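Below you'll find the structure, written out as structure tokens, and then a few comments.
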Amino acid sequence: MTQPSNLSSPAQIDDIRPPLTSIGVIGWIKSNLFNGLFNSVLTLVTFFFLCKIVPPLIRWIFIDSLWSSTSTECRSASGACWSIISANYRFILFGFFPYELQWRPLSAMILLIGLLLISRHRRMWSKTLFYAWTAGLFFMAVLMKGGIFGLAPVESTQWGGLPLTFLLAVFGLAAAYPLGVLLALGRRSRMPAIKLLSIIYIEMIRGVPLVSLLFMSAVIFPLFLPEGLTINKILRAQAAIIMFTAAYIAEVVRGGLQGIAKGQYEAAESLGLNYVQTMRLIILPQALKIVIPPSVSILISAFKDTSLVVIIGLYDILKTTQTTLANPSWMGFSREAFFFLSCIYFVCCYTMSNYSRKLEKEL
Amino acid sequence: MNPIDPPEAGAIIEIIDMHKWYGDFHVLRGIDLTIQKGERIVICGPSGSGKSTLIRCINRLEEHQRGKIIVDGTELTNNIKNIEKIRAEVGMVFQHFNLFPHLTILENLTIGPVWVRKIPRVEAEKTAMYYLEKVHIAEQAKKYPGQLSGGQQQRVAIARSLCMKPNIMLFDEPTSALDPEMVKEVLDVMISLAQEGMTMIVVSHEMGFAKSVAHRVLFMDFGQIVESNTPEAFFENPQHERTQLFLSQILH
């Protein structure tokens with residue numbers, strides 16, 4: 001059998017460029033927007049609506065809008081009244097924290113965001129970073145609460161706005177994750193008592209809405225405490241959020257644990273690793289990686305759920321925004337106020353999901 | 001290498017009237033087996049005959065329900081400390097390698113010594129490199145298991161067990177998940193291990209391997225050891241008719 005000579009030396013075949021209509025801009029438009037009758041119609045309809053919507057929206061946001069004016073001027077303008085934000089941003093962001101002391105929650109937040117940004121990079125994870133967090137948390141507490149270093153004390157009932165949202169979210173999520181992992185391990189435990197307790201906990205917490213947990217923490221829980229003993233309301237809300245989120249994390253992590261082949265457990269055990277070592281070194285690193293996408297979904301929804309603390313009278317950023325809108329002179333500008341609020345939430349949530357994608361690639 | 005007579009250095013594994021059930025299914029029915037230090041045993045038999053289960057009982061990956069298993073002077077009971085001690089003494093190589101995919105080859109090899117034997121990392125890495133040399137893949141140390149071929153992964157798995165400096169090595173069908181051209185590289189490593197006098201229990205159908213290195217070949221069927229003999233006698237003159245049938249099927 002003889003082979004055609006051009007098969008043995010592929011270099012002899014001249015490269016031919018693909019047809020012009022399948023590459024470049026034209027190719028992209030053709031294959032993505034106009035491949036087939038249905039998609040062509042869909043493209044044109046979408047384009048029509050975009051033309052209808054986008055220009056007026058831009059006019060409203062940027063061109064006809066007022067950025068720093070009184071509310072009376074705003075009422076006669078046709079565009080957005082961003083003045084509600086510029087006039088009230090300090091109340092929206094910091095709530096009832098004493099006006100002249102608001103640099104303190106601001107610095108606490110900058111400290112927190114700085115630490116979070118540094119912790120983004122896995123190569124920065126070290127003992128030093130751990131100490132930095134410990135020190136950072138201490139200073140954040142001092143800045144918020146005051147009372148030492150010559151800082152005027154501020155009652156936690158006066159905390160509010162974005163720092164409160166961050167406080168509930170960051171500590172809620174940081175505590176809920178390890179608790180959730182423990183619950184997931186507990187639910188898969190061979191010890192019946194631990195398994196049963198984990199199942200009861202997870203199913204009970206998942207069976208009630210967060211709102212009812214928050215009510216319980218705010219209204220019912222204090223009834224069980226002895227006279228005179230009170231536990232900070234924020235702390236109670238925090239505990240409710242942690243308990244709630246942990247139950248969801250637990251189920252997601254359990255899914256990840258089930259995805260690990262039995263052979264991994266056997267290999268670890270046959271090396272003589274004990275249960276804790278097997279889990280910590282072999283199983284959890286693999287399982288938690290699998291469940292990054294669903295965990296981040298839970299973390300994002302938990303972050304947004306912190307806004308439910310309004311129902312027990314805490315002034316998180318949603319409540320301070322609503323309170324601003326209750327002011328007669330700024331009444332009616334809710335579109336602008338909630339647009340601003342949405343932007344803040346979006347930035348936070350988008351950052352989280354971006355980071356999770358990065359982490360997924362790195363691990 | 002011709003198998004010599006089994007060494008008489010004293011028993012390292014003693015199994016006495018051992019039974020195991022999976023639910024109602026009686027997998028192992030009265031196993032009696034004594035293995036001498038330095039002895040090399042190949043176990044063969046049809047699938048479902050209990051041969052894998054038998055060696056998995058030796059390091060307690062499976063629990064037996066009746067009888068006794070004594071490994072290196074320690075009886076296997078529910079005592080978790082004893083189990084962990086025995087597991088550290090007994091190396092195990094699996095059919096599907098079971099390397100840890102999230103760790104590099106080097107980390108796969110050092111994790112046992114560092115965490116179980118509490119050996120300093122630097123020293124553990126030195127030992128690991130020594131064994132990687134020995135299985136001829138030192139240059140892959142920084143890679144991850146997924147980047148290696150099946151044969152290479154199995155050699156890493158053998159090296160991982162050796163890093164624990166085990167007294168006994170168990171092999172559970174170490175070549176049956178490999179592409180044919182990779183079987184030899186793994187068997188070569190096992191043969192060189194045999195030449196150093198390691199106590200080995202190998203579940204395998206590699207009859208060439210059995211002939212060249214085993215002191216004894218066991219044939220298992222229906223959860224029992226049907227026949228136990230030297231390789232020559234086993235292959236030339238099988239006593240039991242089930243053994244004869246089995247051999248005729250695999251040797252064609």
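Order of the sequence lines fixes the chain letters, A, B, ..., with proteins taken first and strands second; residue numbering starts at 1 for each chain. All values below come from the heavy atoms of this structure, side chains included, with hydrogens, waters and symmetry mates left out. Everything numeric here is computed off the predicted structure, so don't read it as measured data.
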Candidate polar pairs, chain A side and chain B side, donor-acceptor under 3.5 Å:
unit_1, atom_1, unit_2, atom_2, d
A/Gly263, O, B/Asn98, ND2, 3.2
A/Gln264, NE2, B/Leu99, O, 2.8
A/Glu266, OE1, B/Arg56, NH1, 3.0
A/Glu266, OE2, B/Arg56, NH1, 3.4
A/Glu266, OE2, B/Arg56, NH2, 2.5
A/Gln277, NE2, B/Trp115, O, 3.1
A/Leu281, O, B/His102, NE2, 2.8
A/Gln286, NE2, B/His102, ND1, 3.4

Donor-acceptor contact below 3.5 Å, side chain A/Ser307 vs main chain A/Lys304: yes

[atom1]/[X] to [atom2]/[Y] distance, rounded to the nearest 0.5 angstrom?
{"X": "A/Thr245", "Y": "A/Ile242", "atom1": "OG1", "atom2": "CD1", "result": "8.0 Å"}
{"X": "B/Phe100", "Y": "B/Ile105", "atom1": "CZ", "atom2": "CD1", "result": "11.5 Å"}
{"X": "A/Ile290", "Y": "A/Ile292", "atom1": "CD1", "atom2": "CD1", "result": "10.0 Å"}

Applying a strict 4.5 Å limit to non-hydrogen atoms, the region of A/Ala268 in contact with chain B is both

Below 4.5 Å, heavy atoms only, C-beta onward: do B/Val156 and B/Ile137 meet side chain to side chain?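 In short, these two side chains touch, coming nearer than 4.5 Å.
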
Any side-chain heavy-atom pair from A/Leu173 and A/Ile298 closer than 4.5 angstrom? no

How about B/Phe171 and B/Phe94: are their ring centres within less than 6.0 Å of each other? no

Pick from B/Ile83, B/Leu170, B/Leu99: which one has the most heavy-atom pairs with chain A under 4.5 Å?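 Result: the option with the highest number of such pairs is B/Leu99.
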
If you count heavy-atom pairs within less than 4.5 Å of chain A, which of B/Ile80, B/Ile86, B/Ile111 leads?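 Heavy-atom pairs under 4.5 Å are most numerous for B/Ile111.
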
Could you please state which residues from residues 248-255 of chain A sit under 4.5 angstrom from chain B, measuring non-hydrogen atom to non-hydrogen atom, sorted by number, or 'none'?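 Interface residues of residues 248-255 of chain A: none, nothing closer than 4.5 Å to chain B.
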
Donor-acceptor contacts, no H, no angles, side chain residues 201-208 of chain A, under 3.5 Å, sequence neighbours left out:
unit_1, atom_1, unit_2, atom_2, d
A/Tyr201, OH, A/Met243, O, 3.0
A/Glu203, OE2, A/Arg187, NH1, 3.1
A/Glu203, OE2, A/Arg187, NH2, 3.3

Take A/Phe166 and A/Phe171 through the ring pair (Phe, Tyr, Trp, His ring centres under 6.0 Å) test and state the conclusion after the steps. CA-CA 8 Å; A/Phe166 275 176; A/Phe171 294 102; over 10 Å; no

Tell me, which pairs form a salt bridge (charged side-chain N to carboxylate O under 4.0 Å, His left out) where one or both residues lie in residues 124-139 of chain A, sequence neighbours left out?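 For residues 124-139 of chain A: none.
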
Going by the side-chain contact (heavy atoms from CB on, under 4.5 Å) test, name the single residue among B/Leu162, B/Val202, B/Ile158 that passes it with B/Val93. B/Ile158

